[in-house]
Amino acid sequence: PTFYPEYRRAVADGTMARFESYYPPLEKWFNVRAYPSQTGLSVYLQDVTERKRAEERIRLQAQLLDAVGESVIALDMEGRILYWNRAAKEMYGWAEEEVMGRRLREMIVPESLKERAAEIGAQVRQGHAWTGDFVVRRRDGTSFPVEATNTPVFGEEGELIGVIGVLRNITERKQAEKALAESEQRFRRSFEDAAIGMALVGSDGRFLRVNMSMCEILGYSKRDLLGKTFQELTHPEDLENDLEHLRRLLSGEERTYQVEKRYLHKDGHVVWAILSVSVVHDEEGESLYFV
């Protein structure tokens with residue numbers, strides 16, 4: 001459908017026809033030149049299948065790189081920018097035409113981190129990929145944290161020809177980690193310093209964590225208590241009621257429960273206590289432990 005209409009046009013117009021087209025019987029691409037003359041048509045065909053396939057791969061990769069949410073940057077061995085995707089433009093504030101050929105380190109690396117960036121670059125130039133957290137700078141001078149992966153790119157002869165960097169803005173993750181650390185610190189302090197006995201208990205009844213007040217109530221050290229289960233320390237006459245409440249917690253029939261129950265002190269005497277229990281779930285709703 002392509003070749004012969006082009007041949008006829010060349011003859012009709014008396015001008016050379018030049019085109020590229022796919023030839024299904026051979027499953028190949030050809031670069032074609034057709035020269036008309038008074039006696040006929042001379043046709044020259046060059047097999048360009050491999051080039052066409054390579055071009056298709058490049059187009060597909062470009063589309064994929066533009067679609068991802070991460071900043072993707074390609075550098076030559078001098079650290080100059082060869083490729084800058086759409087996410088990089090949005091993340092750093094420079095358009096592609098503004099950055100091509102410029103050195104990335106001079107653009108986005110804060111002065112205080114130039115030495116570390118140089119060390120990372122040296123590692124990648126030795127053929128080793130690098131992944132880690134880093135702080136980079138936007139066009140307006142503001143800084144933000146990223147998770148970066150720098151991967152060396154090798155040529156057909158095995159020589160290092162460049163670097164691909166994939167960077168993800170992790171500002172929200174860092175803020176969440178900070179908030180979680182602060183929350184855990186507050187919980188740890190309130191847990192350890194509480195005037196009432198507190199414990200984290202696994203679904204098998206084993207003590208995972210206990211505070212000093214709990215140890216004082218039951219007469220055990222932390223090390224001894226963490227090797228035991230609440231079943232061992234519960235008065236036999238109260239155990240069945242305790243287990244039924246835990247079953248209802250795990251099934252979702254109860255959110256929390258509170259009972260009076262008897263514990264067995266290390267020296268053998270009975271300790272009456274008011275016990276309040278709740279269960280902690282993970283993000284998927286699976287039970288992690290009791291408090």
Side-chain angles (χ1 to χ4, degrees), residues 20 22 26-31 46-177:
E20 289 186 351
Y22 182 68
L26 296 180
E27 298 183 346
K28 289 181 179 294
W29 280 87
F30 289 97
N31 182 316
Q46 178 186 13
D47 185 345
V48 293
T49 305
E50 288 304 315
R51 177 171 63 79
K52 280 291 187 179
R53 289 173 178 168
E55 289 175 356
E56 186 61 30
R57 287 195 297 269
I58 292 170
R59 280 194 293 270
L60 177 59
Q61 290 171 359
Q63 292 170 359
L64 292 173
L65 292 174
D66 267 341
V68 299
E70 289 84 7
S71 166
V72 181
I73 304 170
L75 308 175
D76 64 14
M77 292 306 298
E78 302 299 322
R80 289 186 291 260
I81 297 170
L82 300 175
Y83 179 81
W84 183 267
N85 76 339
R86 189 178 305 149
K89 173 185 175 182
E90 295 171 356
M91 185 179 292
Y92 297 102
W94 278 284
E96 182 180 5
E97 59 270 17
E98 296 178 294
V99 302
M100 300 303 291
R102 296 179 61 183
R103 283 184 167 81
L104 181 68
R105 191 181 304 173
E106 297 172 359
M107 294 172 54
I108 72 169
V109 178
E111 194 63 37
S112 60
L113 293 175
K114 290 286 177 66
E115 186 174 342
R116 183 173 179 230
E119 293 173 355
I120 295 170
Q123 176 179 328
V124 177
R125 283 194 294 274
Q126 291 174 1
H128 306 294
W130 178 89
T131 297
D133 293 354
F134 203 80
V135 175
V136 294
R137 186 177 59 207
R138 293 186 183 90
R139 182 175 188 168
D140 63 10
T142 58
S143 298
F144 62 99
V146 295
E147 181 183 69
T149 298
N150 294 336
T151 305
V153 180
F154 299 94
E156 295 181 357
E157 304 298 324
E159 75 282 14
L160 187 61
I161 60 175
V163 178
I164 295 290
V166 179
L167 303 96
R168 179 187 297 111
N169 189 332
I170 56 172
T171 301
E172 292 185 1
R173 193 190 82 187
K174 287 294 186 180
Q175 291 172 343
E177 289 175 353

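In this chain, numbering begins with 1 at the start of the sequence shown. As a basis for the values below, the full set of heavy atoms in this structure was taken, side chains included, without hydrogen atoms, waters or symmetry mates.
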Q: Mind running side-chain contact (heavy atoms from CB on, under 4.5 Å) on Tyr92 and Val99 for me, showing each step along the way?
A: CA-CA 11 Å; Tyr92 297 102; Val99 302; over 6 Å; no

Q: Report the C-alpha separation of Trp94 and Ile81 in whole Å, then their side-chain angles, then the decisive distance to 0.1 Å, and conclude whether the side-chain contact (heavy atoms from CB on, under 4.5 Å) test is met.
A: CA-CA 12 Å; Trp94 278 284; Ile81 297 170; over 6 Å; no

Q. Would Tyr83 and Ile73 count as a side-chain contact (heavy atoms from CB on, under 4.5 Å) if you check the C-alpha gap in whole Å, the side-chain angles of each, and the deciding distance to 0.1 Å?
A. CA-CA 5 Å; Tyr83 179 81; Ile73 304 170; over 6 Å; no

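Looking at residues two or more places apart in sequence or on another chain, you find a side-chain contact (heavy atoms from CB on, under 4.5 Å) between Glu90 and Arg86. With sequence neighbours left out, the ring pair (Phe, Tyr, Trp, His ring centres under 6.0 Å) criterion links Trp29 to Tyr22. Legend: residues meeting side-chain hydrogen bond (donor to acceptor under 3.5 Å, both in side chains) with Asp76, ordered by chain and number and at least two apart, are Arg80.
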Pair up each side-chain donor or acceptor in residues 143-155 with any protein partner under 3.5 Å, not counting sequence neighbours, and list the distances.
unit_1	atom_1	unit_2	atom_2	d
Glu147	OE1	Arg168	NH1	2.5
Glu147	OE2	Arg173	NH1	3.3
Thr149	OG1	Thr131	OG1	3.2

Determine all donor-acceptor pairs shorter than 3.5 Å in which one atom belongs to a side chain in residues 101-110; sequence neighbours excluded.
unit_1	atom_1	unit_2	atom_2	d
Arg103	NE	Glu78	O	3.3

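How far CG of Asn31 is from OG1 of Thr49: 11.0 Å, rounded to the nearest 0.5 Å.
Within the structure, every pair that satisfies the side chain to side chain donor-acceptor pair (under 3.5 Å) test and touches residues 108-124, not counting sequence neighbours, is listed here: Glu111-Lys114.
A donor-acceptor pair under 3.5 Å is formed between the side chain of Asn85 and the backbone N or O of Glu70.
By the 6.0 Å contact criterion, CD on Glu97 is enclosed, its count of non-hydrogen atoms from other residues, nucleotides or ligands being greater than 12.
Residues Lys89 and Glu96 are not in side-chain contact: their nearest non-hydrogen atoms beyond the backbone lie 4.5 Å or more apart.
Heavy atoms only, all atoms of each residue included: Asn169 and Met91 are closest at N-CE, 3.7 Å. Residues Met100 and Leu82 come closest through the heavy atom pair CE-O, 2.7 Å.
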